[in-house]
Amino acid sequence: MSLLRFIPASNGGSKCFSVFRQLRTRSFSGFSFAGPRKLDKIMKIDLIEGKSKAEISNLWMTYHENKERVHGCFLSGDEGRNILNRAHKMKFFVQPIFRETGFFVLLSQFQTPSHFLLAYLEDYKMDPNRAQPLMTFSIFNDLVESHNLSLVRCDIINKGIEDNEGRKVMQHLLDAYRTEKEYVAVKTFNKEPNKFDFDDFISRMNKKWKETNDIS
């Protein structure tokens, strides 16, 4: 990964974003996925048979809470299924990480069937085929039909991203695909990038980042 280049908080990000309009149809390649690709590689499915949604959710969170740079969360099955359906149609989005000196931007790309890969936008602009994910997360919908439960696993690969930052990015990206209001921006980003107001997006996300400063 390139040395993270911060954009001063007072400086608009339009120039940083403009190149993406020409690159967004290309994909990350040449890397191994960081996290497990299937739920049964994390949790033995037969051991949770007969357990309630609340019990499984608690087991999932307990399993991940003491793991280094690995995080778990859960959604309702309806939410998880809706997020993946939307991500299949709108594969790309951006998520900023804010620090005292400014911010930098991660580009998210969805890969079938259920994985989100996030790379440093500046690396992607230089060469999409060599851009390496800094973090990944997956949504497992194995228990949607039986428990109306989706399980989410996040792996933070690069040490340049702090644990709390990675959790925020995961949560904010889930929100972007989950809520109707935020999904409007995702659709614009993918279908009409010339109409995507990057500066307004950064302003709104900066406010949200501060509001979720205590995410656990």
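Numbering of residues begins at 1 and proceeds along the displayed sequence.
- Between Cys73 and Met170, the shortest heavy-atom distance links the atoms SG-CE, 3.8 Å.
- Note: Phe93 and Tyr177 have perpendicular aromatic rings, judged against thresholds of 30 and 60 degrees for the angle between ring planes.
- Here the closest heavy-atom approach between residue Leu75 and residue Arg178 is recorded as CD2-NH1, 3.1 Å.
- The pair Lys208-Glu211 does not count as a salt bridge, with every side-chain nitrogen at least 4.0 angstrom from each carboxylate oxygen.
- The ring of His88 has its center closer than 6.0 angstrom to the ring center of Phe110.
- Scored by the salt bridge (Lys or Arg N to Asp or Glu O under 4.0 Å) test, Glu68 finds no partners at all (sequence neighbours excluded).
- Salt bridge status for Glu165 with Arg99: present, with a side-chain N to carboxylate O gap under 4.0 Å.
- When every heavy atom of Cys154 is checked against every heavy atom of Phe137, the shortest pair comes out as CA-CB, 3.7 Å.
- Neither side chain, Ser57 nor His147, offers a donor N or O lying under 3.5 Å from an acceptor on the other.
- For the pair Glu162 and Arg69, the salt-bridge criterion is not met [side-chain N within less than 4.0 Å of a carboxylate O].
- Looking at Asp200 and Arg204, a side-chain N of the basic residue comes within less than 4.0 Å of a carboxylate O on the acidic one, giving a salt bridge.
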Name the atoms and distances for all side-chain donor-acceptor pairs under 3.5 Å in residues 47-54, with sequence neighbours left out.
from: Ser52; atom 1: OG; to: Glu55; atom 2: N; distance (Å): 3.1
from: Ser52; atom 1: OG; to: Glu55; atom 2: OE1; distance (Å): 3.4
from: Lys53; atom 1: NZ; to: Asn148; atom 2: O; distance (Å): 3.1

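- Screening Asp78, Asn141, Asn82 for a side-chain hydrogen bond (donor to acceptor under 3.5 Å, both in side chains) involving Ser150 leaves a single residue, Asn141.
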